[in-house]
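Scroll down for the structure; my scribbles are underneath it.
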Amino acid sequence: MALKLSVLGMGYLGVTHAACLAELGFEVLGLDVDRHRIDRLRAGEVPFHEPGLDELVRAHCLTGRLRFTTDYAEAGAFADVHFLTVGTPQAADGDRADLRFVDAAADALAPCLTRPCLVVGKSTVPVGTAARLAARLAARTPAGARAEVAWNPEFLREGTAVADTLRPDRIVAGVASARAESLLREIYAPVVEAGTPFLVTDLATAELAKVAANSFLAMKISFVNAVSEVCEAAGADVLALARAIGHDARIGHRFLGAGVGFGGGCLPKDVRAFRARAEELGCTSVGTLLDEVDQVNLRSRRRVVDLARESAGGDLAGRRVAVLGAAFKPGTDDVRDSPALDVASAVSREGAKVAVYDPMATGNGRRARPELEFVDSMRSAVTGAETVLLLTEWEEFRRADPAELARWVSVAAVVDGRNALDHAAWSAAGWTVRAPGRPSGRPLLSGPAA
């Protein structure tokens, strides 16, 4: 008999995972305690932007393979395997991960588990959480130890989440029994048959796999941003430097783009939570390293504010500033811990008259930063501007005609906070171009590092 699956938590990860499991041919029940969200999903409406996900949800609502509920009892009776995909935000009183939602979901599910099943964590959690949850479930569920726990971290990226789920670069299965491994192999069989490595580990290693991967990527970004400070001081070009070191196969070009730094709902909080857990375990050297990664990232945002001020002649007060970008990265409407919005707010606090435009994240940006003015087009943002800040590298901004934009602004000055523009073309069109880690006062190389 085919396995039936539930996915607990219909946030970004949960909706994507549920829809992709239905695409793989399983009957899937998605659960969330937010009735409004469930009603929208039942109508085929995804409450956030992710390319291709709306179509997948609507298609499998029609096939009947994907359904939604708010009832834990229904999920417990329905599914053989339960995926836990609730959020683990940064705690309000520190850097550690807030596990209230994980515990609440496990506690609500526990009384409903009356037969052998597998509870699979996908949420990003501190190492040791899976073992704690296993003991918690065993003590609270009628199934006792027959309700096993496994950990299967996600590695999806916003903007490419569907492809990352259906065609991942690896599957990590943290298990405590052969039965748990067998169930996960059955679920992911089509993906593994297509060539994806299936890596079997213990629970703790699987938990660490996600936070270690994210922290390494964050470290790479912060490294190049730290080096960009040296480039500016020495008159070097960080783009040329990144290209040179990226040709070393041990380093690679990806994540060597100097700029305003990383943001979003994963990397910043995962770095901080990993640091906090490492320090709890007495691993202070890891904590010190990750603290500096975080500090360099925050300093990168301040450096772009400095460049904006310099571009405005040393004083932003009363200046009209166009901010291009609100999302933390292109391809998403997610503004959590967005460097673009941090910089926009900092510039506004210095007295600038700020107009923000983003092709996708305007609504979320308005809700997150109601003190800022958001406009509905790039032309509206830049008209009359004395400084333009490129802070999210949407293709609309990359492909913009600098000669045309020069006719709309008051002063043709741009700060390329993502090193995403063709600086030679913009300079030729009469723009003064500044960017982190790039020399001023002489021609600049065109194109981003990666």
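Treat the numbers as computed from the prediction; the structure is a model and nothing was measured.
Salt-bridge annotation for Arg100 and Asp107: absent, with no side-chain N of the basic residue lying under 4.0 Å from a carboxylate O of the acidic one. For the pair Glu232 and Arg303, the salt-bridge criterion is met [side-chain N within less than 4.0 Å of a carboxylate O]. Between Glu45 and Arg37, none of the side-chain N atoms (NZ, or NE/NH1/NH2) sits under 4.0 Å from a carboxylate O, so this pair counts as no salt bridge. In this structure, Asp32 does not pair ionically with Arg35, as no charged nitrogen and carboxylate oxygen lie closer than 4.0 Å. Remark: Lys269 does not engage Asp337 in a salt bridge, criterion side-chain N to carboxylate O under 4.0 Å. For the pair Asp103 and Arg132, the salt-bridge criterion is met [side-chain N within less than 4.0 Å of a carboxylate O].
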Lys210/Glu154 under salt bridge (Lys or Arg N to Asp or Glu O under 4.0 Å): CA gap, chis, key distance, verdict: CA-CA 7 Å; Lys210 175 61 186 295; Glu154 55 85 13; 2.6 Å; yes
Salt bridge (Lys or Arg N to Asp or Glu O under 4.0 Å) assessment of Arg115 paired with Asp80: CA-CA 9 Å; Arg115 57 191 172 90; Asp80 306 295; 2.9 Å; yes
Test salt bridge (Lys or Arg N to Asp or Glu O under 4.0 Å) applied to Arg275 and Asp294, step by step: CA-CA 10 Å; Arg275 177 183 65 202; Asp294 192 20; 3.7 Å; yes
Candidate pair Leu166 and Leu24, rule side chain to side chain contact (heavy atoms under 4.5 Å, CB included), full reasoning: CA-CA 8 Å; Leu166 293 174; Leu24 292 176; 4.1 Å; yes
Stepwise salt bridge (Lys or Arg N to Asp or Glu O under 4.0 Å) test for Glu207 and Arg277: CA-CA 12 Å; Glu207 291 170 307; Arg277 183 61 176 144; over 6 Å; no
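The side-chain tip of Arg336 does not point at the ring of Phe328 from less than 6.0 angstrom away and within 45° of straight on.
Using a 4.5 Å heavy-atom cutoff, the side chains of Glu186 and Glu181 are not in contact. In this structure, the side chains of Val127 and Leu203 stay at 4.5 Å or more apart for every pair of heavy atoms. Side-chain contact check for Pro111 versus Tyr72: every heavy-atom pair is 4.5 Å or farther apart. Within the 4.5 Å cutoff, side-chain heavy atoms of Arg299 are placed close to those of Glu229. Considering only heavy atoms from C-beta on, Asn364 stays 4.5 Å or farther from Asp334 through its side chain. Counting only heavy atoms from C-beta outward, the side chains of Asn419 and Pro436 approach each other to under 4.5 Å. Side chains of Leu133 and Leu84 form a contact here, defined as non-hydrogen atoms less than 4.5 Å apart. By the 4.5 Å heavy-atom criterion applied to side chains, Leu183 and Leu3 are counted as neighbours.
His17 and Tyr188 have tilted rings, their planes meeting at an angle from 30° to 60° on a 0 to 90° scale.
The aromatic ring centres of Phe48 and Tyr12 sit less than 6.0 Å apart.
In this structure, the separation between CZ on Arg418 and CG on Leu390 is 8.5 Å, given to the nearest 0.5 Å. Here the SG atom belonging to Cys117 is positioned 13.5 Å from the CZ atom belonging to Phe78, to the nearest 0.5 angstrom. In this structure, CZ on Phe198 lies 5.0 Å from CZ on Arg185, to the nearest 0.5 angstrom.
In this structure, a donor-acceptor pair under 3.5 Å is absent between the side chains of Asp98 and Gln90. When only modelled atom types and interatomic distance are considered, Thr205 and Asp202 share a side-chain donor-acceptor pair under 3.5 Å. With 3.5 Å as the limit, one finds no donor-acceptor pair spanning the side chains of Thr85 and Lys122. Between the side chains of His60 and Glu23, a donor-acceptor pair is found at a separation under 3.5 Å. Asp358 and Thr362 are not linked by any side-chain donor-acceptor pair at a separation below 3.5 angstrom, with hydrogens and angles left out of the test.
The environment of Phe223 atom CZ is sparse: at most 12 non-hydrogen atoms of other residues, nucleotides or ligands sit within 6.0 angstrom.
Without hydrogens or angle criteria, Glu371 side chain to Ser345 main chain gives no donor-acceptor distance under 3.5 Å. In this structure, Thr141 contributes its side chain and Leu113 its backbone to a donor-acceptor pair below 3.5 Å.
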